[in-house]
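Reviewing the structure listed below.
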Amino acid sequence: MTSIQLAGKIAVVTGVSQGLGEALARRLVKEGCQVIACDINFEGVSQVCEQLENAAPFHLDITDYSQCEAVAMAVKERYGHIDILVANAGILISGDIDTLSTISFRKVIDVNLIGYFNTVKAFAPMMLAQKSGSIIQINSKSGKVGSYKNGAYAASKFGGIGLTQSLALEFAEANVRVNSICPGNLLNSPLWVNSLFKQYAKNQHTTEDAIREKYILQVPLKRSCEYEDIENMMVFLASDLASYVTGQAINVTGGQVMH
């Protein structure tokens, strides 16, 4: 069912070739948006868009500001404006202080924090000019609390919340809202199933089943965070229902994080 709140809106989403980004793009199309789907993996994002009625694929490496600027110009030329920006693209490389290299640490910061900055810097001018818009960063509960042997990711996400709050202050007079969503652990997602369980089991010297049990037990609602939980918060923040909400980092963690 199309949402009257978002019908006809122009939405840019990064990191759409798979996983959460794909789910967010699909939900925005379902809500009636025209989606500009961006990803460094152009083949992957093109395949996603082939399955959607109102989605256009763009190649974008968010760590390269010149690419962000070029895509923003192309979007402005084609659509005239944007209403929603979902900064979802990100990476996770775990490791303790002994095993995590400076190169890996910098790569995580480059994608998750500088990439977020680059994306907003390129696309926000359209919103500021029209004096309306909603910017939504997909952050993490690791932006609120430290993450065991996962310092690079947590550092990047803590920084992201600081950037969200600062941009919210900067853009408030133009009626452009900036918020972060802080999901809990997406234990049923491809990222966890194909990668993180293996990474964490290795660096915590245990089994993948033990890691799953550990993270479920930390959640008062005793279940994994699912894509739909994040989608629902995104739709709210993108809509006029959230017209008085800006500068927030909203937990979607099943009660695991409460501040």
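Nothing fancy with the numbering, it's 1 onward along the sequence.
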Test item: side-chain donor near acceptor, [X] and [Y], under 3.5 Å:
X	Y	answer
N118	T63	no
N188	E226	yes
S195	Q199	yes
D64	S66	yes

Keeping the roles fixed (side chain from [X], backbone from [Y]), state whether a donor-acceptor pair exists under 3.5 Å.
X	Y	answer
T206	A210	no
S104	L100	no
N139	K157	yes
T246	V178	yes
N251	T253	no

Nearest 0.5 Å, please: how far is [atom2] in [Y] from [atom1] in [X]?
X	Y	atom1	atom2	answer
K30	N54	NZ	CG	15.0 Å
R177	S243	CZ	OG	6.5 Å
M126	M73	CE	CE	10.0 Å
I103	D110	CD1	CG	12.5 Å
L128	N175	CG	CG	10.5 Å
D83	S134	CG	OG	9.5 Å

Using every non-hydrogen atom in the two residues, find where [X] and [Y] come nearest and quote the distance to one decimal.
X	Y	value
S17	D39	N-OD2, 2.9 Å
F42	S46	O-OG, 2.7 Å
N88	L24	OD1-CD1, 4.0 Å
K144	C182	CE-SG, 4.2 Å
A37	V16	CB-CG1, 3.7 Å
Y153	I91	CD1-O, 3.4 Å

Applying the side-chain contact (heavy atoms from CB on, under 4.5 Å) test to R212, which of L187, N185, L217 qualifies? L187
Are any non-hydrogen side-chain atoms of [X] and [Y] less than 4.5 angstrom apart?
X	Y	result
Q248	T164	no
F58	V45	no
I82	K76	no
V13	L28	yes
S180	I250	no
I211	Q204	yes
V35	L52	no
I138	P183	yes

Strictly below 4.0 Å, N to O, side chains only: are R27 and E31 in salt-bridge contact?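 Result for this pair is yes, salt bridge flagged.
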What I want to find out is whether R223 reaches D229 closely enough, with some N-O distance under 4.0 Å, to be called a salt bridge.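 Result for this pair is yes, salt bridge flagged.
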Please evaluate residues V245 and N179 with respect to the criterion side chain to side chain contact (heavy atoms under 4.5 Å, CB included), reporting the C-alpha separation (whole Å), side-chain torsions for both, the decisive distance (0.1 Å), and the verdict. CA-CA 8 Å; V245 180; N179 294 286; 3.7 Å; yes
Does [X] [atom1] have over 12 foreign heavy atoms under 6.0 Å away?
X	atom1	answer
K202	NZ	no
Q51	CD	yes
K149	NZ	yes

Tell me whether [Y] is reachable from [X] by hopping between hydrophobic residues (I, L, V, M, F, W, Y) whose side-chain heavy atoms are closer than 4.5 Å.
X	Y	result
M234	V48	yes
F171	V12	yes
V86	M127	no
L237	L163	no
V111	L191	no

Scan F197, Y148, W192 and name whichever one has a ring pair (Phe, Tyr, Trp, His ring centres under 6.0 Å) with Y215. W192
For H259 and V257: C-alpha separation, side-chain torsions, deciding distance, then whether side chain to side chain contact (heavy atoms under 4.5 Å, CB included) applies. CA-CA 6 Å; H259 64 85; V257 177; 4.1 Å; yes
Q34 vs K9, side chain to side chain contact (heavy atoms under 4.5 Å, CB included): CA-CA, chis, key distance, verdict: CA-CA 6 Å; Q34 169 65 52; K9 300 288 188 181; over 6 Å; no
Stepwise side chain to side chain contact (heavy atoms under 4.5 Å, CB included) test for Q5 and D240: CA-CA 7 Å; Q5 288 290 331; D240 289 341; 3.8 Å; yes
Just do the side chain to side chain donor-acceptor pair (under 3.5 Å) check on S94 and N203 with the steps written out, would you? CA-CA 8 Å; S94 66; N203 68 37; 3.2 Å; yes
